[in-house]
Amino acid sequence: MAAITLPEAIPVPDSGALPLSSALRPGPEHADLAAAGYEEAEYYLVGKAPAIDGDGHVRVAAAPYITRILVRRPADPARFNGTVVIEPFSWFGARAAGWILTRAYLLRRGYAFVAYTLDINAPAADPKFPRCQGRRAIPIRRSTAAS
């Protein structure tokens with residue numbers, strides 16, 4: 001089996017629109033992140049991983065993938081309590097139910113929160129999420145600017 005490597009995290013280019021499911025949008029996920037001392041950032045995770053069937057057989061040794069993550073974390077690293085809560089976005093409206101139910105607690109206690117988009121439920125309404133054609137991901141342009 002091919003070696004598994006960590007994905008590359010690429011900041012999503014700023015389009016002027018808030019990310020889908022942003023806590024800054026009005027609605028069930030809204031939170032005043034600035035007042036809580038938090039920041040939100042959106043990334044693509046791009047990499048290769050084995051494709052395994054239901055019986056555990058490797059069908060493709062290094063299948064390319066891309067997904068989106070939305071990260072909410074304390075702006076001041078000293079406030080971070082060391083725990084990251086990870087949750088998939090739901091298939092109904094790309095919502096993070098755990099965030100909706102626990103956001104006040106998470107913000108008060110210094111947790112980081114990461115939600116990820118699954119390829120099978122990639123929301124059509126998100127114009128920034130690269131679409132897949134068949135099994136090949138559409139390439140994205142990587143920023144050449146120094147970070």
Side-chain angles (χ1 to χ4, degrees), residues 2-52 58 60-147:
I4 298 174
T5 59
L6 292 175
E8 181 180 2
I10 302 167
V12 174
D14 185 3
S15 68
L18 290 172
L20 187 66
S21 302
S22 172
L24 304 175
R25 290 178 180 263
E29 294 192 61
H30 177 75
D32 188 344
L33 296 180
Y38 269 66
E39 58 191 17
E40 182 178 75
E42 185 180 31
Y43 300 90
Y44 294 127
L45 292 183
V46 181
K48 292 184 179 181
I52 302 170
V58 175
V60 179
Y65 69 88
I66 183 169
T67 192
R68 175 185 75 110
I69 61 171
L70 192 60
V71 178
R72 298 175 187 130
R73 63 180 170 236
D76 177 1
R79 282 206 53 233
F80 177 49
N81 72 10
T83 302
V84 179
V85 176
I86 302 173
E87 176 180 16
F89 284 118
S90 67
W91 59 268
F92 52 93
R95 297 287 178 225
W99 170 261
I100 293 168
L101 297 171
T102 63
R103 65 184 177 265
Y105 178 82
L106 298 176
L107 294 173
R108 272 194 320 271
R109 306 287 284 203
Y111 288 85
F113 178 86
V114 177
Y116 60 93
T117 299
L118 301 170
D119 184 43
I120 58 171
N121 70 3
D126 187 352
K128 295 185 290 181
F129 193 78
R131 306 312 305 162
C132 289
Q133 296 172 339
R135 294 179 183 212
R136 298 180 60 100
I138 294 175
I140 60 174
R141 291 189 304 184
R142 290 172 168 78
S143 173
T144 56
S147 18

Is any side-chain heavy atom of [X] less than 4.5 Å from a side-chain heavy atom of [Y]?
| X | Y | result |
| --- | --- | --- |
| Pro19 | Arg68 | yes |
| Val84 | Phe80 | yes |
| Leu33 | Leu24 | yes |
| Val85 | Leu106 | yes |
| Phe113 | Val71 | no |

**Study point:** Heavy-atom donor-acceptor pair, Glu87 side chain to Trp99 backbone, under 3.5 Å
**Key:** yes
Review point. Is a donor on one side and an acceptor on the other found under 3.5 Å between the side chain of Ser22 and the backbone of Leu18?
Key: no
Over all atoms of both residues, closest heavy-atom pair of [X] and [Y]:
| X | Y | answer |
| --- | --- | --- |
| Asn81 | Arg109 | ND2-O, 3.0 Å |
| Leu70 | Glu42 | CD1-CB, 3.9 Å |
| Arg73 | Ala112 | CB-CB, 4.2 Å |
| Arg72 | Ala23 | NH2-N, 3.4 Å |
| Lys48 | Pro64 | CG-CA, 4.0 Å |
| Arg79 | Leu107 | NH2-O, 3.0 Å |

Exercise for review: In sequence, state the C-alpha distance, the side-chain angles, and the governing distance for Tyr116 and Ile86, and then conclude on side chain to side chain contact (heavy atoms under 4.5 Å, CB included).
Suggested key: CA-CA 8 Å; Tyr116 60 93; Ile86 302 173; 3.8 Å; yes
Point to revise | Gap separating the OH atom of Tyr38 from the OH atom of Tyr111, nearest 0.5 angstrom | key: 9.5 Å
Check your understanding: Are any of the side-chain nitrogens in Glu29 or Arg95 under 4.0 Å away from the carboxylate oxygens of its partner?
Key -> yes
